[in-house]
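Just so you know, ligand 1 is whichever comes first in the structure, and atom 1 is the first atom listed for that ligand.
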Amino acid sequence: MRKPPVLAIVVPCYNEEEVLPITCGLFKAELDDLLAKGKVAPGSHVLFVNDGSRDRTWEIIRELAASEPAYRGCSLSRNRGHQNALLGGLMEARGHCDATISIDCDGQDDIATMEQMVDAYLDGCDVVYGVRSSRETDTFFKRFTAQSFYRLLESMGVECVYNHADYRLLGAAALDGLSQFREVNLFLRGMVPLVGFRSTSVYYERHERMAGSSHYPLSKMLALAVNGITSLSVRPIRLITWTGLAVALASLVAIVWVLAAHALGGTVSGWASTTAAVFFMGGVQMLSLGVIGEYVGKIYLESKHRPRWIMSERTWDEDEK
Ligand code: UDP
Ligand code: MG
């Protein structure tokens with residue numbers, strides 16, 4: 001059995017002025033409960049990461065931090081998206097705690113499940129995945145797209161835990177491991193399994209958002225899916241090779257057929273098949289170029305080694321933390 005960890009609950013927030021005043025107290029209440037049960041150590045805190053919000057989110061975080069030492073906040077210099085904000089927060093917490101739990105700030109992920117995560121950590125796990133046991137509160141469309149998303153990832157050889165998003169506990173060793181991943185295009189739920197260490201899953205019911213609205217419209221979900229696949233798998237490029245091979249073999253058959261038709265006093269008609277073949281090949285080639293281009297673009301962006309986020313403010317003094 002490990003000793004109780006100093007826990008940091010890391011919460012990325014983007015334009016969440018409506019929901020933050022409701023959920024902040026819930027995180028604190030959970031932390032107090034864990035402290036009272038002796039499952040986490042004094043010094044445990046909630047770290048809110050402001051992802052360049054345009055509303056009062058950062059003001060609210062600052063007020064919270066001024067009112068209560070268990071609340072801390074840091075702010076990215078601009079909006080960098082959920083994945084960057086989350087990793088930015090985790091890297092801020094790293095070195096100052098024994099474990100982190102990352103959770104969205106809208107109350108959708110069941111806060112009480114943190115206790116099971118901490119129990120698993122105390123039992124020796126370094127990574128604990130929060131897995132949604134049901135998606136009843138999600139619309140049919142969201143459930144369908146989410147399911148297709150995990151299936152697609154799996155078929156592309158990306159290892160990730162089904163129905164797990166970014167609600168998870170990471171121990172200090174896993175955080176150190178994660179800090180060595182230097183990629184700019186982040187897809188944390190695919191990267192964490194690559195970090196390794198002993199892991200387990202805990203299950204929870206997903207709730208409705210407590211206030212405000214989702215920042216993940218279909219377009220952003222699609223972008224996340226494409227990023228997840230192209231960041232972690234080269235299988236789409238292999239698929240192009242196989243498609244090319246299949247088309248080449250099919251065209252060999254077509255050539256034999258064309259030659260035979262010619263030898264047997266072939267006809268001039270054939271406009272439809274020629275046009276169809278040209279369109280088909282054009283389509284396949286454009287699609288293949290697009291897929292390759294996606295990877296080339298990614299190499300280009302990765303090769304710049306730009307910072308993934310810039311932290312502009314913290315509510316604590318670095319020396320006294
Ligand atoms: N978020 C963020 N930066 C963004 C978009 C979202 O930090 O650019 C945060 C947001 O405040 C929330 C979490 O990421 O805590 C998940 O976002 P949301 O609840 O909108 O997504 P959904 O649950 O609908 O997939
Ligand atoms: Mg949400």
A.B. asks: Please list the nearest protein heavy atom to atom 25 (O) of ligand 1 with its residue and the distance rounded to 0.1 Å.
C.D. replies: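 Ranking protein heavy atoms by distance from atom 25 (O) of ligand 1, first comes K142 NZ, 3.5 Å.
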A.B. asks: What is the nearest protein non-hydrogen atom to atom 4 (C) of ligand 1, stated with its residue, atom name and distance?
C.D. replies: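 For this ligand atom, the closest protein heavy atom is D51 OD2, 3.4 Å.
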A.B. asks: Could you say whether the N/O atoms of A85 and ligand 1 ever approach to under 3.5 Å?
C.D. replies: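 Not met; the criterion fails.
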A.B. asks: Answer yes when R62 and E313 have at least one side-chain N-carboxylate O distance shorter than 4.0 Å, and no when they do not.
C.D. replies: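 Salt bridge flag = yes for E313 with R62.
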A.B. asks: Given side chain to side chain contact (heavy atoms under 4.5 Å, CB included), test E205 with S133 step by step and report yes or no.
C.D. replies: CA-CA 6 Å; E205 301 271 326; S133 55; 3.6 Å; yes
A.B. asks: Which atom name would you report as the N, O or S atom of D106 nearest the Mg ion (ligand 2)?
C.D. replies: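 This residue's closest N, O or S atom turns out to be OD2.
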A.B. asks: Below 4.0 angstrom, N of the basic side chain to O of the carboxylate: do E59 and R56 qualify?
C.D. replies: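 Looking at E59 and R56, the cut-off is met.
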A.B. asks: With nothing but distance in play, are any N or O atoms of R206 less than 3.5 Å from an N or O of ligand 1?
C.D. replies: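 Checking ligand 1 against R206, an N or O pair does fall under 3.5 Å apart.
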A.B. asks: What's the shortest distance from atom 20 (O) of ligand 1 to any protein heavy atom, and which residue and atom give it?
C.D. replies: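 Checking every protein heavy atom, the shortest distance to atom 20 (O) of ligand 1 gives H215 N, 2.5 Å.
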A.B. asks: Counting backbone and side-chain atoms alike, is an N, O or S atom of S214 positioned under 2.8 Å from the Mg ion (ligand 2)?
C.D. replies: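 False for S214.
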A.B. asks: Considering the heavy atoms of R209, write down every atom of ligand 1 situated less than 4.0 Å from one of them.
C.D. replies: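 Close to R209: 18 (P), 19 (O), 20 (O).
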A.B. asks: Distance-only, no hydrogens or angles: does the K39 side chain make a donor-acceptor pair with backbone N or O of V118 under 3.5 Å?
C.D. replies: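 Side chain of K39 to backbone of V118, a donor-acceptor pair under 3.5 Å: no, none is there.
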A.B. asks: Heavy atoms only: which of Q83, M221, Q108, K220 is nearest to atom 23 (O) of ligand 1?
C.D. replies: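 Heavy atom nearest to atom 23 (O) of ligand 1 belongs to Q108.
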A.B. asks: Among all protein non-hydrogen atoms, which one is nearest to atom 9 (C) of ligand 1, and what is the separation to 0.1 Å?
C.D. replies: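 Ranking protein heavy atoms by distance from atom 9 (C) of ligand 1, first comes P12 O, 3.9 Å.
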A.B. asks: Are R80 and D51 close enough for a salt bridge, meaning some N to O gap below 4.0 Å?
C.D. replies: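 Looking at D51 together with R80, the answer is no, because their closest N to O distance does not fall below 4.0 Å.
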A.B. asks: Can R209 and E16 be counted as an ion pair, charged N to O under 4.0 angstrom?
C.D. replies: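 Salt bridge: yes.
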A.B. asks: Identify the protein heavy atom lying closest to atom 21 (O) of ligand 1, giving its residue, its atom name and the separation to 0.1 Å.
C.D. replies: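 Sorting protein heavy atoms by distance from atom 21 (O) of ligand 1 puts Y216 CD1, 3.3 Å first.
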A.B. asks: Using a 4.0 Å heavy-atom cut-off, say whether N15 meets ligand 1 through its side chain, its backbone, both or neither.
C.D. replies: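 For N15, there is no contact with ligand 1 at all, from either part.
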A.B. asks: Has R2 got its NZ or CZ under 6.0 Å from the middle of the six-membered ring of Y121, at an angle within 45 degrees of the ring axis?
C.D. replies: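 Judged by the rule, R2 and Y121 form a cation-pi pair.
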A.B. asks: Is it the side chain, the backbone, both or neither of E16 that has a heavy atom closer than 4.0 Å to ligand 1?
C.D. replies: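 Just the side chain.
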A.B. asks: Above 12 or not: heavy atoms from other molecules or residues under 6.0 Å from OH of Y162?
C.D. replies: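 More than 12 heavy atoms, drawn from other residues, nucleotides or ligands, come within 6.0 Å of this atom.
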A.B. asks: Salt-bridge test for E115 and K37: reply yes if a basic N is under 4.0 Å from a carboxylate O, no otherwise.
C.D. replies: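 K37 and E115: salt-bridged.
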A.B. asks: Could you tell me if the side chain of L232 sits less than 4.5 Å from the side chain of F187, heavy atoms only?
C.D. replies: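 Yes, their side chains come closer than 4.5 Å.
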A.B. asks: How does C13 reach ligand 1, by side chain, by backbone, by both or by neither, if only non-hydrogen atoms under 4.0 Å count?
C.D. replies: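 It is the backbone that touches ligand 1; the side chain stays farther off.
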A.B. asks: Would you mind checking which non-hydrogen protein atom is closest to atom 14 (O) of ligand 1, with the distance to 0.1 Å?
C.D. replies: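 Heavy-atom neighbour on the protein nearest atom 14 (O) of ligand 1: H82 CD2, 3.1 Å.
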A.B. asks: Could you check whether atom CD of E154 has more than 12 heavy atoms from other residues, nucleotides or ligands sitting under 6.0 Å from it?
C.D. replies: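 Result for CD/E154: open.
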A.B. asks: Which residue owns the protein heavy atom closest to atom 19 (O) of ligand 1, what's the atom, and how far is it?
C.D. replies: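 Result: D106 OD2, 2.7 Å.
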A.B. asks: Please report which non-hydrogen protein atom sits nearest to atom 22 (P) of ligand 1, along with the residue it belongs to and the distance in Å to one decimal place.
C.D. replies: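 Nearest protein contact, heavy atoms only, for atom 22 (P) of ligand 1 is S214 OG, 3.7 Å.
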